[in-house]
Each structure stands twice: as C-alpha cells, then as structure tokens.
There are 2 protein chains.
Amino acid sequence: MSLAKPAFPAPDHDHGRCTAEALTHAEAVCEQRSQKFTPIRRQVLQALLSSHRPLGAYEVIDELAKSMPRPAPITVYRALDFLMANGLVHRIESRNAYLACAHDHDATSAVAFLICERCGLVGEVPAAPFAQGLNQAARSSGFAPRLSVVEITGTCTHCQTHA
Amino acid sequence: MSLAKPAFPAPDHDHGRCTAEALTHAEAVCEQRSQKFTPIRRQVLQALLSSHRPLGAYEVIDELAKSMPRPAPITVYRALDFLMANGLVHRIESRNAYLACAHDHDATSAVAFLICERCGLVGEVPAAPFAQGLNQAARSSGFAPRLSVVEITGTCTHCQTHA
DNA sequence: GAGATATTATAAGTAAGCTTACGATCTATC
DNA sequence: GATAGATCGTAAGCTTACTTATAATATCTC
C-alpha cells in the first residue's frame, strides 16, 4: 500500500483484496496503538469499504442493518469518530459523508479528494506540496492553519470515456 | 477591490464601506448580465454581508425575519442559488453555509477559504497557483477536475493574540 | 473479585438543510 | 393587451446529521 498506486480506483481493481488489505491495516494500526478494533468498528469500516464512494452516516446504518439489528445513529457516529481519529476513515466535507481510507498514509499528511460527479467514486491524490504552499500563504497573512480540506469534483477517467 | 487587500478581514476594518462596495458591485454585475437584483436577493446578500462569517440558510432566514415577514426556506435557497451563480456568494462546504464574497475576483478563479475556528470569521486567499498544480496532478491521473474546494481551518491573527 | 475505564446499547429528541408542488405576480416583447 | 418567461409566495414534507442522557456490559488492573 502506498501513494504510488493509482489515485483513482480502477473500475476493475481487485476490490476483495483492497478491502482485505484495509482491514488488515486497520487491525495493525489498532494493535499498535493498543486501541480496540471492536466488532461494531470493524463492521462500520467494512460498510465503508464496500465501495469507494463516500457514505452518509445513515447510509452506513442502512448497510449495517442488512446484517444485524439496525444500529442507532449514535453507535455509528461513535465508530466513525474512532475510525477517523485513527486515520482509517476520512470525512468528505462537501458531502457530509465518510470514506474508508484505502491507502496507508499517515494521518497527518495532506491529501486531496477527487470526487466523480457522475459515479460518486472518490480517489485520493497526495497534496502535501500544494497544501504546504497554501499553508505558507495563509501563515504569511497571520493565519495559523490547522487542517486543510481539499476536495476536487469532476469526472473520473471511466465516466469520461463511458459518456 | 482586489485580491491585494488583506486576506483576512481586520477586526477594525470599515465594514459599512465594505458592505456598500459589495452591494454596488452586485448591482453592477447584475446590470451587466441583465440579471435582476431583486429586493429579496439584495436582502439575502445584505444578511450575509452583515458579517464575515458564513451563515447557514436558516440563519439567513432568521436574519431576514428581523426586518420582514419570515421568508420560507425555498425563497432563501433560490436567492442563494442566484447569488452563487453570479459569483457574489460562496458556499462553505465544510459548514453547509454561505458567505458573501467581498472581493471582486472573477467567478472562476480559485480561492481558498481561511476559516477561524474561534471567531468563525472567514478570509479568502488567492489559490490559483496551488489549485493549478493540484488540477494538474488530478488530470495526470485521468481525472477531469471541474471545481476545487479548498478550506483551511485554523486560528486568525486576532484570535491568536487575544487568547 | 472489586473498582476503574472504556465501550456499547437504548431511547428520545432537535434542528438543519433542502425539496416538491402549485399558484400568483411581475416584466418584457410582440 | 396577450403571451411567455422569470420570479416569488404558500404550504407541506422529508431526510440527514447529530445530540443528550442514562444504563448496561465488557475489559483491565490491582
């Protein structure tokens, strides 16, 4: 797993494998930090991993409801908070939705999200150099940046060719 | 009006003037495009101009309700859509809120928003060079970017010194 | 096995954000 | 002054997003 892989998920990628890898990664991260990767947390992550689309919290609930008694919103929000705190899930601000992070980058490094308007798939691109420049520009005006959100909407390769 | 002015609104800036300028600018833009700057549109813009904080749609309604019979949500959303389409208002995605654009930059040029977590004020910085780099990176992975959202949360100068 | 801590469950509720549908009014143009 | 297009109003409703509060359960530590 690295940022060298294609930024946008290819429609024919081995999704089973990318899901499995992400789960293994999550276990490792939690282990390492002595955090508990409880069943509910795992299930929420799995729901998000089921596609490369961001899901709203209530979509996650719907997804989980298929395989267990419908969880309460709070239950899912707590799991999402945990997963985000550990860099396993991103929140897509422009959609109020959540996305499993398929890449193993450290939680602090800046990423930009590429959101396809057509199919809803989301990819990541490393944005560190640009974010740095921006943060610098911000700082030079006296502003102390803490968190950058970069979200680019457009059309993915696949949807461009399958117009 | 230009991007050369301070990116973040100084707490002691001449707000009456910056409001008046923005309104004049709005009139000019509408005139030029033969669009109608109707009373409701003006009032919504004024509500947003009353601060440099982004307001949610329902906050706009509350604001308008002070000086007229409470408008329905749809009324405000229509006005907001119009104002956004004409580059007079930005939507802050990470807050589901709307911000009057105090600067006279053309609607397409990329800007980044600096959002103070403490006081809620929002400033703009020109982000064209960074956005270009990012868009380039996106394109090189086959993605066709349309709209970039860059929102940086942090602490503004004023709030840093008045901890 | 007692106590402290972390996690989850249950129940209920708030409110923001946005939409649909339809009719009325205004404005420009012929 | 008739028609078409844009705008606005009224009324109602829906979904999402998230919170508060409290109790139960599990896990760890001593």
Side-chain angles (χ1 to χ4, degrees), chain A residues 26-27 29-48 53-65 67-86 88-99 115 120 149, chain B residues 26-27 29-48 53-65 67-86 88-99 120 149 151:
Chain A
E27 281 166 11
V29 166
C30 292
E31 170 89 13
Q32 192 187 337
R33 305 188 181 187
S34 352
Q35 301 259 265
K36 289 171 203 158
F37 195 48
T38 63
I40 189 80
R41 290 168 181 175
R42 168 183 290 268
Q43 282 167 298
V44 168
L45 182 58
Q46 273 177 327
L48 292 177
R53 277 189 358 173
L55 298 185
Y58 276 61
E59 287 180 286
V60 172
I61 292 176
D62 291 344
E63 194 61 33
L64 293 199
S67 60
M68 60 180 287
R70 185 176 203 80
I74 186 72
T75 303
V76 166
Y77 278 109
R78 280 194 284 237
L80 288 171
D81 283 345
F82 172 88
L83 294 168
M84 281 193 289
N86 289 282
L88 302 168
V89 160
H90 297 292
R91 182 179 155 90
I92 305 294
E93 297 290 347
S94 62
R95 309 236 156 164
N96 295 335
Y98 305 84
L99 178 73
I115 307 168
V149 171
Chain B
E27 281 166 10
V29 166
C30 293
E31 170 89 14
Q32 193 187 338
R33 306 187 180 186
S34 350
Q35 302 257 266
K36 290 169 202 160
F37 195 50
T38 63
I40 189 77
R41 290 169 181 175
R42 169 183 290 269
Q43 283 167 296
V44 168
L45 183 57
Q46 274 178 325
L48 292 177
R53 275 189 357 163
L55 298 185
Y58 276 60
E59 287 181 288
V60 172
I61 292 177
D62 290 343
E63 193 62 32
L64 293 198
S67 59
M68 61 180 287
R70 186 176 202 82
I74 186 73
T75 303
V76 166
Y77 278 107
R78 279 196 284 236
L80 287 171
D81 283 344
F82 172 89
L83 294 168
M84 280 194 288
N86 288 282
L88 301 167
V89 160
H90 297 292
R91 181 178 154 89
I92 305 295
E93 298 289 348
S94 62
R95 308 237 156 164
N96 295 334
Y98 305 84
L99 178 73
V149 171
E151 296 172 12

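Proteins get letters first, then strands, A, B, ... in listed order; numbering begins at 1 in each.
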CD of Glu27(A): more than 12 outside heavy atoms within 6.0 angstrom? yes
Tell me the interatomic distance from Glu59(B), atom CD, to dA16(C), atom C1', rounded to whole angstroms. 10 Å
What is the separation between atom CG on Leu80(A) and atom C1' on dT16(D), rounded to the nearest whole Å? 14 Å
Give Tyr98(B) one of three labels, base, sugar-phosphate or nothing, depending on what nucleic acid heavy atoms sit under 4.0 Å from its own. sugar-phosphate
Can you check whether Lys36(A)'s main-chain N or O pairs, donor with acceptor, with Arg41(A)'s side chain at less than 3.5 Å? yes
In whole angstroms, the gap separating C1' of dC18(C) from CG of Asn96(A) amounts to 12 Å
Is the base of dA9(C) touched by the side chain of Arg78(A) through a donor-acceptor pair closer than 3.5 angstrom? yes
Which whole-number value in Å describes the distance from Ile61(B) CD1 to dC18(C) P? 11 Å
Passing candidate, side-chain contact (heavy atoms from CB on, under 4.5 Å) with Val89(B), options Leu99(B), Asp81(B), Leu48(B): Leu48(B)
Taking CG from Asp81(B) and C1' from dT19(C), how many angstroms apart are they, rounded to a whole number? 12 Å
Between Thr75(B) and dG9(D), is there a contact of a side-chain N or O with OP1 or OP2 at under 4.0 Å? yes
Tyr58(A) (side chain) and dA17(D) (base): donor-acceptor pair under 3.5 Å: yes
By the 4.0 Å heavy-atom rule, please label Ala72(A) as base, sugar-phosphate, or nothing. base
Which nucleotide sits closest to the side chain of Arg91(B): dC18(C), dT19(D), dC8(D)? dC18(C)
Using a 4.0 Å heavy-atom cut-off, does Ile40(B) contact any base of the nucleic acid, only the sugar-phosphate backbone, or nothing at all? sugar-phosphate
To the nearest Å, give me how far apart CD (Glu93(A)) and P (dG17(C)) are. 13 Å
For dT16(D) and Arg95(A) - does any side-chain N or O of the residue sit under 4.0 Å from the phosphate oxygens OP1/OP2? no
For dT10(C) and Arg70(A) - does any side-chain N or O of the residue sit under 4.0 Å from the phosphate oxygens OP1/OP2? no
Starting from P on dT20(D), measure out to CD1 on Ile74(A) and report it in whole angstrom. 9 Å
DNA chain C nearest-nucleotide lookup for Phe82(A) and Pro73(A): closer to the 5′ end is Phe82(A)
Could you tell me which residues satisfy salt bridge (charged side-chain N to carboxylate O under 4.0 Å, His left out) with Arg53(B), sequence neighbours excluded, listed by chain and number? Glu59(B)
Note: Glu93(B)-Arg95(A) ion pair, threshold 4.0 Å (strictly below): no
From CE of Met84(B) across to P of dG17(C) the rounded distance in Å is 13 Å
